[in-house]
There are 2 protein chains.
Amino acid sequence: MIPLRLLLFSKLPNGAVRSIYSNFGIQNPNLTTTIITHVPPPSSASMGTKVSAMVIDGKSVAEDIQDKLTVEISRMKNKFGVVPGLAVILVGDRKDSASYVHNKKEACESVGINSYEVCLPQDCREEELLMHISSFNDDPSVHGILVQLPLPSHMNERNILNAVCIEKDVDGLHPLNIGRLAMSGREPLFLPCTPKGCIELLHRYNVDIKGKNAVVIGRSNIVGMPAALLLQREDASVSVVHSRTKNPEEITKQADIIISAAGKPNMVRGSWIKPGAVLIDVGINPVEDSTDPRGYRMVGDICYEEACKIASAITPVPGGVGPMTIAMLLLNTVTSAKRIHNCN
Amino acid sequence: MIPLRLLLFSKLPNGAVRSIYSNFGIQNPNLTTTIITHVPPPSSASMGTKVSAMVIDGKSVAEDIQDKLTVEISRMKNKFGVVPGLAVILVGDRKDSASYVHNKKEACESVGINSYEVCLPQDCREEELLMHISSFNDDPSVHGILVQLPLPSHMNERNILNAVCIEKDVDGLHPLNIGRLAMSGREPLFLPCTPKGCIELLHRYNVDIKGKNAVVIGRSNIVGMPAALLLQREDASVSVVHSRTKNPEEITKQADIIISAAGKPNMVRGSWIKPGAVLIDVGINPVEDSTDPRGYRMVGDICYEEACKIASAITPVPGGVGPMTIAMLLLNTVTSAKRIHNCN
């Protein structure tokens, strides 16, 4: 079912990780605060050999989705006079957050979504932020509201995220939405962007999910937990492993599908993987690389060099799940606009 | 850690299952509608031999909880003048539902909770039911509202359950509550009664959950799904198997803890179980038994005869999880009254 390709890979760099900022699309508040002191090296025996895993090209799928959204948004504008709008609120001056917001704004513009941006100072009061959310809640030209995380420590993230009305919660992270995702017979208004992007990749590459053993590595509210719920909705038998799991490799070795969202570079080694498994790598971890002009490069949670010899398909990092997250955010915003204005 | 006991068990009956009504406390709308045509027999080699699994005595734990609730409710009454109240709404004339409601009412009375009962005819209009829910929502003497399931087919179960205000949703099945249960850093107002009872049994018997492999069999909104979320909150590595799982026994064989809520008599055989595992059997399935004066008896999802020789601890059926469900309902009602009246 999955066509095979032959690829050659060069040596991955090892070494300690600097605290750097990614300009990649995944919203991971832990990314810049974790200093990883050791990155396990891929075994030297595995280097430079031919591999057989198909590369799941998230960049190209995301582009295809964005192309279709461009056409759809144009149709909505012409037929109904509706232009989807996404509001992004940024608090403080974190460079990574500013970069994420910039990327989202650019992506919106590229497909024809109106983007609204509010930038508040680091020391702004919670009430002020809540006022902006309330104003976007009431604004009929805004169909999605996204508060860029992490927030400054003096703010109550839970209260602030709860203030976004569920009809405009394009991140899909409102507890009511997550509850509906967990329950059979209930329909969430939005699926969280990154897990939705993972499943979309599986669908696009015709990966059977029903009845398969799927393992999710990580249980974050943003990725791991909703990814597990989504896989279960697709009738996979789902296991979740996390930082407290004593024998993760014994569990992952049984998996037909792995979604890894651990945030640990090269954690998933070849020995963790069942031959023929499909691997979706949500991790995007900076590691030092003196051969890169920036001095660092991004690697996933999965040791690509080893995995691509064992898996049947694998997402690269970057260019796998990352671009899908933004594409799903745009798609959720368009879905929201259609629902609010009842245009189909 | 778990003390061992020696027990002798008699032969389990085999045979087809009649559609009969349980007077047991688990709220399982599927119970009376499933006609099971074949119950797998325990192997004859396993009969009448000595066994080593400790019996997890849910009946006695539930009695202990109810004793403590009795004292607590008396204290609340004397100190704050608050008496917890539970409203139960029954629609139609299903004998099993009537029996469940009767049991809940009796349990309330036994601990000093005021119970309020509304019985509506099978053909009552949805609006009428919603009116009663609304009235209980507004009634300050009612702290928990329970709509007995299943509802007649002309009613929209989702709309009706959503009408119960979340502060009185002692069943814990509101999607907002389930969402909070799924999310780390969020606190549900109530934990769903049956899964909460399962975890309480593990705690009472000092079963380590953190870092253990736990398998939940079944993914219902009422038991399986929230049980998996609860185990994950307790830092277990959780796998969920269900009707679409191709190799359930391969997954259950890795489990240190199994919670089974499949509704299939004797489905989990000895060969499915890892030696020393702890087994919580939520299933309560009627099977024909000519030696029983009623003509039937209740068995769990787990083939007790085989399992009790392999597991380190196991809940019996009946007398395991069943009594815990009612005890947790009473506990949730008391918790609700304390929260609403701010009495601690």
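Chain A is the first sequence line, chain B the second, and so forth, proteins listed ahead of strands; every chain is numbered from 1.
- With a threshold of 4.5 angstrom between heavy atoms, A:Ile251 approaches chain B through side-chain atoms but not through N, CA, C or O.
- Checked against side-chain contact (heavy atoms from CB on, under 4.5 Å), B:Ala307 has the following partners two or more places apart in sequence or in another chain: B:Ile273, B:Leu279, B:Ile302, B:Ile314.
- Among residues two or more places apart in sequence or in another chain, the side-chain contact (heavy atoms from CB on, under 4.5 Å) test is passed with A:Ala236 by A:Ile209, A:Ala214, A:Leu231, A:Val238.
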Dump the table of donor-acceptor contacts under 3.5 Å between chain A and chain B, or return none if there are none.
unit_1: A:Asn162; atom_1: OD1; unit_2: B:Arg186; atom_2: NH1; d: 3.1
unit_1: A:Ser184; atom_1: N; unit_2: B:Asn221; atom_2: OD1; d: 2.8
unit_1: A:Ser184; atom_1: O; unit_2: B:Asn221; atom_2: ND2; d: 2.9
unit_1: A:Arg186; atom_1: NH1; unit_2: B:Asn162; atom_2: OD1; d: 3.1
unit_1: A:Arg219; atom_1: NH1; unit_2: B:Gln232; atom_2: O; d: 3.0
unit_1: A:Arg219; atom_1: NH1; unit_2: B:Asp235; atom_2: OD1; d: 2.9
unit_1: A:Arg219; atom_1: NH2; unit_2: B:Asp235; atom_2: OD1; d: 2.7
unit_1: A:Asn221; atom_1: OD1; unit_2: B:Ser184; atom_2: N; d: 2.8
unit_1: A:Asn221; atom_1: ND2; unit_2: B:Ser184; atom_2: O; d: 2.9
unit_1: A:Gln232; atom_1: O; unit_2: B:Arg219; atom_2: NH1; d: 3.0
unit_1: A:Asp235; atom_1: OD1; unit_2: B:Arg219; atom_2: NH1; d: 2.9
unit_1: A:Asp235; atom_1: OD1; unit_2: B:Arg219; atom_2: NH2; d: 2.7
unit_1: A:Ala236; atom_1: O; unit_2: B:His242; atom_2: NE2; d: 2.8
unit_1: A:Ser237; atom_1: OG; unit_2: B:Thr245; atom_2: OG1; d: 2.7
unit_1: A:Val238; atom_1: O; unit_2: B:Val240; atom_2: N; d: 2.9
unit_1: A:Ser239; atom_1: OG; unit_2: B:Ser239; atom_2: OG; d: 2.4
unit_1: A:Val240; atom_1: N; unit_2: B:Val238; atom_2: O; d: 2.9
unit_1: A:His242; atom_1: NE2; unit_2: B:Ala236; atom_2: O; d: 2.8
unit_1: A:Thr245; atom_1: OG1; unit_2: B:Ser237; atom_2: OG; d: 2.7

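- Partners of B:Ala182 by side-chain contact (heavy atoms from CB on, under 4.5 Å), not counting sequence neighbours, listed by chain and number: A:Ile178, A:Met225, B:Leu229.
- Only the side chain of A:Leu161 comes within less than 4.5 Å of a heavy atom in chain B; its backbone stays farther off.
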